[in-house]
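Please read all numbers here as calculations on a predicted model, not as lab measurements. Letters A, B, ... are given to chains in the order of the sequence lines, protein chains preceding strands, and every chain is numbered from 1.
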Number of protein chains: 2
Amino acid sequence: MTPDSSSRNTKRVTITDVARHAGVSTAAVSKVMRNAYGTSPAMQERVRTAMAELGYRPHAAARGMRGRTYTIGVLLDNVRNAFFADVLDGIHEELQDSEYTVLIGAAGFGADEQARTIRSLVDRQMDGLVLIAPGTPRAEVLATAQATPTVVIGHHDASDVHDSVVDADDVGAGLVVDHLVALGHRDIALVAAAGSRTGRWQRTPEIALADGYLRAMDRHGLAGHARVHHAAYSDDGGHAAGLALLSGPDRPTAILTGADVAALGIYRAADELGLSIPADVSLVGYNNTAIASLAPVQLTSVDQAGHTMGATAARMLIERVEGRRDRSMQTTMTPRLVVRRSTGAPHVR
Amino acid sequence: MTPDSSSRNTKRVTITDVARHAGVSTAAVSKVMRNAYGTSPAMQERVRTAMAELGYRPHAAARGMRGRTYTIGVLLDNVRNAFFADVLDGIHEELQDSEYTVLIGAAGFGADEQARTIRSLVDRQMDGLVLIAPGTPRAEVLATAQATPTVVIGHHDASDVHDSVVDADDVGAGLVVDHLVALGHRDIALVAAAGSRTGRWQRTPEIALADGYLRAMDRHGLAGHARVHHAAYSDDGGHAAGLALLSGPDRPTAILTGADVAALGIYRAADELGLSIPADVSLVGYNNTAIASLAPVQLTSVDQAGHTMGATAARMLIERVEGRRDRSMQTTMTPRLVVRRSTGAPHVR
DNA sequence: CGGAGCGTGTAGAACGTTCTCCATCCGAAC
DNA sequence: GTTCGGATGGAGAACGTTCTACACGCTCCG
């Protein structure tokens, strides 16, 4: 009797209502919406005003049953990595004036969790997917891409079934090593993600990075000084790596990391050990996120143009979704070194 | 003729396939899935194995046409605010083992954009919505909540149509003022968001914060020293506010802000003006995000328990979605002050 | 022995779109 | 004045679920 929660029954305006109001068939309304062939300007006009007058909004689920949902799904592992925010901004900007909506699935670092999230996105009939450095096995991503247009950001492994947008991580690592060597460093360590070999990805960002690092060290005749330490790209991951590297007897004079977040964890570790940056240790991040430029931080980092990567990925994806391109493509961005106050000449011991 | 993109036709396993495989009707399968009344254990068993054998996954769009989509939509203005990440973590954790999926709509700061995003979420048949400090007019939120279960985080305005989770921002402001006064400060400024009065929200977080600040200043007999400066909760917003406040002749000895992000902007401004923190100016953030505790930052901040807020919101929302509660409720969390190195006794000039 | 009542399962109509035909109209060409 | 063909609009069948209504068989009770 009371007007309780059963009052959640505000009937939606449907295509049928619009059709009736405009005095045409539902098929006609549908055609106008999708601006398909076979509609006169006069009818379009009538239908459009009817839609406006009734405040019609298409029902995405119903659309999903037959056609598109006009929704793009983005998978990322964690929201805290500011680099992803840059990528997202790029995606949003590109899709701003289109009729597509972006929905984000934040999955965490676990491969299972990520796989579940990808499946969720597919089940919800996303028209296209952007996967940012997915941790799921490659086979699974390929299977998904088979059914839904997909752009993979980060992994260098190309495929004829999905598009890719990557940063030339190996080049980036080279830039950093060159910079540090020029400052006089020889003992340069790399802290990078472990990179799940199990997933059968041959060239994840961290593998490319390590590769570039090792090649650069070699080029400078410092192959003997090279060492790679694995850590998760998070504050805690960096902290643990920092403690391990900096508390040993042969501590490096410079550390290069694969992510700014991790660099900040190392910063914290250094602080706890009474070491100051860059006096005792030089530190270089990757991604050039907003935190890197923050006043108290001033982290030397490698800029990856996350914004552009996101925008590019979105553009590529829409081309595929709308069937304007039928073969896969890869885009590689060139990184740039941004020198700030966290690097300097090594202390003479 | 070539196996091109038309090979995107991997037929989905549908409920009909499962039904046939198990030798029952589709209605039966549907019942088992929703574990509705009227299914024998024997049949459940058969259906479940059939689903497993065929690798069946329900089609969310189809579900959305009649029943639920098992999807929760979260609206936030920007991904960069680490406080939101905490909230998201809480939501995720709470929903971890349920069959609900969380999808995030990142809308930006504009009211229009946010309204559009909310509509997108509704059109995609989300079962429930979590709106984090929405900038859309209150009326619009109420209308949405009328049709879809909704939890609003942040705004103190209660409503009988949606649930709320808030932080006692006024209390938090009081804690900070008390702390600063105890250190010897008298000239304490507040930097907070403008708070769109147009939206008809009576008590946004920033209004509550300003309120608590003014009352606390008054309590200490410092009403004459109180001043509120408006700024967007972003790095740039804080930077601008910082420059304005700190370059004037009567610069405050302490600044309290409504968000850590903004505090970091002020930090940058101070740095540019050659002022050091806390020697020249004490600085206090709000949210106690991960950045606040970062080694080079060490920002005194107010902890808002974002994680708990998120988890609580999710729990409340699911109760509503599943119809286990039919009246609205509000939850208020008590903030806690976390003192770090960005506050100290004022310099005697 | 004739229901009533319960437990179990099914038929089939929604739900709001898209999209493939098909019907009609109109003008031009023969 | 017939035929052809293009342009325009509509009928109606999908799409994969949910859920109401009902059918069937059993047991229990009077």
Side-chain angles (χ1 to χ4, degrees), chain A residues 8-48 50-51 54-71 99 122-125 127 147 321-323, chain B residues 9-47 50-51 54-71 99 122-125 127 147 321-323:
Chain A
R8 291 204 195 289
N9 275 326
T10 329
K11 268 275 164 284
R12 269 190 92 95
V13 178
T14 74
I15 201 177
T16 318
D17 301 327
V18 175
R20 189 169 30 235
H21 194 255
V24 296
S25 71
T26 60
V29 178
S30 176
K31 278 188 189 174
V32 171
M33 272 197 293
R34 299 171 289 119
N35 37 44
Y37 177 83
T39 54
S40 64
M43 190 185 70
Q44 290 188 21
E45 170 68 15
R46 258 197 310 168
V47 169
R48 278 191 221 289
M51 291 200 298
L54 298 179
Y56 169 75
R57 273 156 44 194
H59 190 292
R63 288 186 135 179
M65 298 248 10
R66 301 226 74 202
R68 309 223 199 107
T69 55
Y70 296 94
T71 313
E99 43 196 342
V122 172
D123 291 347
R124 278 156 191 78
Q125 297 293 108
D127 292 339
V321 168
E322 302 190 335
Chain B
N9 275 327
T10 330
K11 268 275 164 288
R12 270 190 91 95
V13 177
T14 74
I15 201 177
T16 318
D17 301 327
V18 175
R20 188 169 32 234
H21 194 255
V24 295
S25 70
T26 60
V29 178
S30 176
K31 277 191 188 174
V32 171
M33 274 197 294
R34 297 171 290 122
N35 38 42
Y37 177 82
T39 55
S40 64
M43 190 186 70
Q44 291 187 21
E45 169 69 15
R46 259 196 311 167
V47 170
M51 292 200 297
L54 298 179
Y56 169 76
R57 273 157 44 195
H59 190 292
R63 286 186 136 178
M65 300 247 8
R66 301 228 73 202
R68 309 221 199 109
T69 55
Y70 295 94
T71 313
E99 42 196 343
V122 172
D123 291 347
R124 276 156 192 78
Q125 297 294 109
D127 292 339
V321 168
E322 301 190 337

_B:Arg20 and B:Thr16 side chains, donor-acceptor separation under 3.5 Å_ =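 No, no side-chain donor-acceptor contact under 3.5 Å.
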Worksheet item: Can you tell me if A:Arg124 and B:Thr69 form a side-chain donor-acceptor pair at under 3.5 Å?
Response: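 There is no such pair (donor and acceptor under 3.5 Å, judged by atom type) between the side chains of A:Arg124 and B:Thr69.
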How many angstroms lie between atom CG of A:Asp17 and atom OH of A:Tyr56, to the nearest 0.5 angstrom?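 The distance works out to 9.5 Å.
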**Asked** To the nearest 10 degrees, what angle separates the axes at the start and end of the helix from C:dC1-D:dG30 to C:dC30-D:dG1, five pairs each?
**Response**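 Here the local axes at opposite ends form an angle of 60°.
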Need one value for A:Ala28: base, sugar-phosphate or nothing, where a base atom within 4.0 Å counts as base even if backbone is also close, heavy atoms only.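 Result for A:Ala28 = sugar-phosphate.
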- In terms of the nearest nucleotide of DNA chain D, which residue is placed more toward the 5' end: A:Ser40 or B:Pro58?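 Comparing both residues, the 5'-ward one is A:Ser40.
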- Query: Toward the 5' end of DNA chain C, which comes first, B:Met43 or A:Arg57, by nearest nucleotide?
  - Reply: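 Comparing both residues, the 5'-ward one is B:Met43.
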I need the minimum non-hydrogen distance between [X] and [Y], along with the two atoms involved.
X	Y	value
B:Ala62	A:Met65	CA-SD, 3.4 Å
B:Lys31	B:Tyr37	CD-O, 3.6 Å
A:Gly64	B:His59	O-CE1, 4.2 Å

Hey, is A:Asp123 close enough to B:Arg12 for a salt bridge, meaning N to O under 4.0 Å?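 A salt bridge links A:Asp123 with B:Arg12.
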Requested in this report: Identify which nucleotide among D:dG12, D:dC19, D:dA7 has an atom closest to any side-chain atom of B:Arg34, counting heavy atoms from C-beta outward.
Outcome: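 Of the options given, the side chain of B:Arg34 lies nearest D:dC19.
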Within the 4.5 Å heavy-atom criterion, are B:Thr71 and B:Asp127 side-chain neighbours or not?
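No, every pair of side-chain atoms sits at 4.5 Å or beyond.
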* Just the endpoints, please: which first and last nucleotides of DNA chain C, 5' to 3', lie under 4.0 Å from a heavy atom of chain B? ->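 Contact boundaries, 5' end first: C:dG7 to C:dG16.
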